[in-house]
K.L.:
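Have a look at this one before I ask anything.
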2 protein chains.
Amino acid sequence: MKATIKDVAREAGVSVATASNAMNNPEIVKPQTREAVLEAARRLNYVPNANGKRLRARESRTIGLFVNAMTGEFYGALADSMNQVCRAQGYELDICIVADIDSIRFRLQDHSMDGAVIFWDAVNEEAAAQMAESDCPLVFLAVNQQGAHSSGILFQSREHGRMAADYLYGLGMRRLMHVFGIAGNYDSEMRRQGFLEGLEEHGIPREEVRILEGRFERGYAYREMRKYLQEGNPLPDAVFAANDLSAIGCIAALNEQGYRVPEDISVMGCDDISLSEYITPALTTIRTQFEQTGTQAAQEVLRLIRGEAGRLMQQEGMIVVRKSCRIRKETAG
Amino acid sequence: MKATIKDVAREAGVSVATASNAMNNPEIVKPQTREAVLEAARRLNYVPNANGKRLRARESRTIGLFVNAMTGEFYGALADSMNQVCRAQGYELDICIVADIDSIRFRLQDHSMDGAVIFWDAVNEEAAAQMAESDCPLVFLAVNQQGAHSSGILFQSREHGRMAADYLYGLGMRRLMHVFGIAGNYDSEMRRQGFLEGLEEHGIPREEVRILEGRFERGYAYREMRKYLQEGNPLPDAVFAANDLSAIGCIAALNEQGYRVPEDISVMGCDDISLSEYITPALTTIRTQFEQTGTQAAQEVLRLIRGEAGRLMQQEGMIVVRKSCRIRKETAG
DNA sequence: ACAAATCATTGAAACGTTTCGCAAAAAAGG
DNA sequence: CCTTTTTTGCGAAACGTTTCAATGATTTGT
């Protein structure tokens with residue numbers, strides 16, 4: 001039915017070995033025969049069987065990306081940017097949406113990929129270290145891991161928290177609130193910690209910073225903020241939310257209770273999802289540069305495949321100033 | 001280094017054939033020996049080589065998804081929902097972001113997938129028909145194609161346009177505007193056509209419907225609408241935009257020129273991206289039900305793999321009523 | 001013109017599986 | 001206790017490649 005390399009060889013009147021060489025090691029076969037082989041392949045519509053090829057060659061020229069899901073802006077950007085790098089280097093990108101950690105372990109060992117990038121919620125330092133023992137080159141996103149064949153790329157979440165603290169303090173904010181993400185989540189914890197540390201350096205003790213739960217969700221943050229306001233608690237000068245979605249939830253609650261952003265209170269997010277640009281007021285936030293992360297991760301895994309040693313890397317962020325934060329005259333220096 | 005089935009067989013004191021059977025055809029091997037094999041496999045951390053397996057078994061239990069890119073809400077939802085169905089049926093989902101149509105053709109023939117869903121801009125009916133000649137089961141999204149091993153799933157874009165026309169007419173709108181998408185794009189053309197047809201059935205001739213270019217982009221629609229208003233053209237009763245993004249652009253331009261939505265003018269979108277719920281006013285739009293499409297597509301490709309015949313399917317839409325359209329008293333029946 | 005060196009091609013083995021047909025062993029029937 | 005049937009396990013072939021070592025053909029050097 002479907003043409004194999006044998007058929008091509010027969011059609012071109014050469015041995016299988018020569019046919020293979022004509023296609024994969026063009027330089028060692030006489031131009032004339034090579035052309036004959038290629039022509040035969042074309043005529044027969046030959047497409048090499050990927051499984052035979054990978055089995056024998058002991059490499060798949062595929063790199064994997066393991067994620068929990070693809071819904072959400074980050075994932076698409078990550079995948080697209082990784083794909084671009086991989087393609088340019090002659091690799092396929094194989095995106096695996098995976099529900100349990102064991103299937104990651106399994107797939108890493110079944111020889112279907114030469115290396116992988118792992119961005120998976122429940123992969124912590126311990127799990128990562130264990131996975132890294134396989135000889136498959138691995139890049140972990142948001143995990144502190146570094147080994148012979150494994151690298152980690154950390155989002156500077158603590159640093160992001162600090163940036164927010166500095167920025168808001170610089171605008172004259174003194175009574176701060178933080179909308180927390182998810183307990184145990186690395187980025188969550190780091191953002192909070194960095195924010196509190198940054199404020200402490202400006203002389204604001206962490207006990208004075210009000211913490212609300214947000215769970216990274218718009219709705220949850222909205223409800224928590226509404227409850228907070230309805231209970232008659234004091235309005236802070238500014239809010240730093242653990243992500244844009246919860247910042248947007250806060251703004252909705254604030255507006256609903258008659259407060260204006262940024263006139264009465266400033267709100268700052270984190271992530272810079274595309275939505276943030278379009279809401280009113282446009283959200284001031286910290287951009288985590290998704291595409292750049294993908295590019296970096298792909299390049300890193302290719303580097304590991306080349307045999308270079310693993311390392312720990314950082315992914316920088318930057319403040320994107322829009323309309324949701326405004327200087328506070330009374331206190332600003 | 002890495003354990004193969006031979007090692008497992010030796011460790012368990014059985015032949016390779018038995019080892020294989022113990023794992024894949026448990027019923028034909030004595031419980032006692034089966035347990036021994038499984039135990040040996042566990043001890044050696046055995047993971048079957050996917051390439052050997054697929055080569056011999058002549059199936060990969062993998063289904064492919066070919067797309068132009070993963071950025072954009074639709075793709076994530078599509079991938080996640082497909083993944084869920086595939087997983088439940090014991091298949092892997094292999095997402096391929098692909099830059100040229102020939103690599104689709106290639107991948108379809110290299111035996112790395114048992115079937116595929118194709119949602120790729122430049123795959124038109126002609127290209128689809130050609131691809132369908134391969135014996136790989138194929139489901140095309142937004143392409144009119146049906147064959148022995150191939151199905152098409154059409155978005156009811158014309159129907160969506162009609163729904164918008166009916167809805168807006170029912171609210172009392174008589175002077176309508178349509179913000180067009182991209183010329184040549186199937187959904188674009190169909191939405192416009194359906195919208196105009198629908199209005200005609202209500203006695204509004206298509207010449208009276210003002211058409212603006214929107215290119216599916218927020219910024220482009222914004223500029224076109226601004227220009228339109230600044231030139232002193234009459235304000236329509238309602239706008240139906242080809243997608244939510246351009247609807248949002250229109251609203252921004254309208255607000256900027258001092259018009260209120262929906263008090264002065266109604267605006268309706270199409271797609272129901274998540275953003276639409278959060279802007280003010282929350283956008284009335286037509287939901288195209290991304291997840292459902294993915295589920296349907298995955299089920300269909302599995303159906304084709306089972307050997308059933310291809311067919312043509314429709315993907316329904318529904319109006320999501322929010323705040324951006326309001327009844328118009330003067331004319332409403 | 002002959003040996004040496006280079007070039008082009010090839011047969012066969014190997015990659016890790018599954019599966020077919022057969023043999024051995026066990027169970028059942030008389 | 002012998003035959004028949006059923007159960008269990010095995011050897012070997014096959015899937016489609018790549019690649020190694022070897023062979024034969026051609027060119028080079030003297």
K.L.:
Test of understanding: with ring pair (Phe, Tyr, Trp, His ring centres under 6.0 Å), list the residues that count as partners of Tyr186(B), not counting sequence neighbours.
P.N.:
none
K.L.:
Rounded off to whole Å, could you give me the CG-to-C1' distance for the Leu44(A) and dG16(D) pair?
P.N.:
15 Å
K.L.:
Can you give the donor-acceptor pairs under 3.5 Å from side chains of residues 9-18 of chain B to other protein atoms, not counting sequence neighbours?
P.N.:
from     : atom 1 : to       : atom 2 : distance (Å)
Arg10(B) : NH2    : Asp7(B)  : OD1    : 3.1
Glu11(B) : OE2    : Arg43(B) : NE     : 2.9
Glu11(B) : OE2    : Arg43(B) : NH2    : 3.0
Ser15(B) : OG     : Ala17(B) : N      : 3.4
Ser15(B) : OG     : Thr18(B) : N      : 3.2
Ser15(B) : OG     : Thr18(B) : OG1    : 3.1

K.L.:
Hey, does the side chain of Arg61(A) reach the backbone of Asp114(A) with a donor-acceptor pair shorter than 3.5 angstrom?
P.N.:
no
K.L.:
Using whole Å, what does the distance between atom P of nucleotide dT17(C) and atom CD of Glu59(B) come to?
P.N.:
16 Å
K.L.:
Ignoring hydrogens and angles, state whether a donor on the side chain of Gln145(B) or Ser150(B) is under 3.5 Å from an acceptor on the partner side chain.
P.N.:
yes
K.L.:
Separation of Arg54(B) atom CZ from dT17(C) atom P, in whole Å?
P.N.:
13 Å
K.L.:
Have a look at the helix from dA1(C)-dT30(D) to dG30(C)-dC1(D) and give the angle its two end axes make, five pairs each, rounded to 10 degrees.
P.N.:
30°
K.L.:
Can you name the residues that form a side chain to side chain contact (heavy atoms under 4.5 Å, CB included) with Ala297(B), not counting sequence neighbours?
P.N.:
Val117(B), Val139(B), Leu141(B), Ile153(B)
K.L.:
Which atom pairs, one a donor and one an acceptor, fall under 3.5 Å between side chains of residues 44-59 of chain A and the rest of the protein, sequence neighbours left out?
P.N.:
from     : atom 1 : to       : atom 2 : distance (Å)
Asn49(A) : OD1    : Asn51(A) : N      : 2.7
Asn49(A) : OD1    : Gly52(A) : N      : 3.0
Arg54(A) : NH2    : Thr62(A) : OG1    : 3.2

K.L.:
Just how far, in rounded Å, is P of dT8(D) from CD of Glu35(B)?
P.N.:
15 Å
K.L.:
Sequence neighbours left out, what passes side chain to side chain contact (heavy atoms under 4.5 Å, CB included) with Gln292(A)? Give chain and number order.
P.N.:
Gln289(A), Gln315(A)
K.L.:
Within this structure, what is the CE-to-P distance between Met23(A) and dT17(D), rounded to whole angstrom?
P.N.:
7 Å
K.L.:
Indicate whether OP1 or OP2 belonging to dT17(D) is found under 4.0 Å from a side-chain N or O atom of Asn51(A).
P.N.:
no
K.L.:
So, using side chain to side chain contact (heavy atoms under 4.5 Å, CB included) as the criterion, who are the partners of Asn83(A) when residues are at least two apart?
P.N.:
Arg87(A), Leu93(A), Ile97(B)
K.L.:
Rounded to whole angstrom units, what separation is found between the CZ atom of Arg10(B) and the P atom of dG11(D)?
P.N.:
14 Å
K.L.:
If I take atom CG in residue Asn24(A) and atom C1' in nucleotide dG16(D), what distance separates them, rounded to the nearest angstrom?
P.N.:
13 Å
K.L.:
Can you name the residues that form a ring pair (Phe, Tyr, Trp, His ring centres under 6.0 Å) with Phe290(B), not counting sequence neighbours?
P.N.:
Phe74(B)
K.L.:
What salt bridge (charged side-chain N to carboxylate O under 4.0 Å, His left out) pairs are there with at least one residue in residues 122-150 of chain A, not counting sequence neighbours?
P.N.:
Asp135(A)-Lys2(B)
K.L.:
Any protein N or O atoms within reach of nucleotides 4-7 of chain D? Criterion: under 3.5 Å, listing atom names and distances.
P.N.:
none

K.L.:
Give the ring-plane orientation class for Tyr75(B) versus Phe119(B), where under 30° counts as parallel, over 60° as perpendicular and anything between as tilted.
P.N.:
tilted
K.L.:
Without swapping roles, check the side chain of Asn21(B) against the backbone of Val29(B) for a donor-acceptor pair under 3.5 Å.
P.N.:
no
K.L.:
Run Val301(B) and Met82(B) through side-chain contact (heavy atoms from CB on, under 4.5 Å) and show every step you take.
P.N.:
CA-CA 10 Å; Val301(B) 77; Met82(B) 281 187 60; 5.6 Å; no
K.L.:
Enumerate the protein-to-nucleotides 23-27 of chain D contacts in which both atoms are nitrogen or oxygen and the separation is below 3.5 Å.
P.N.:
none

K.L.:
Sugar-phosphate means primed atoms, P, OP1 and OP2; the rest is base. With that split, encode nucleotides 7-15 of chain C 5' to 3' as B, S or - using protein heavy atoms under 4.0 Å.
P.N.:
-SBBB-BBB
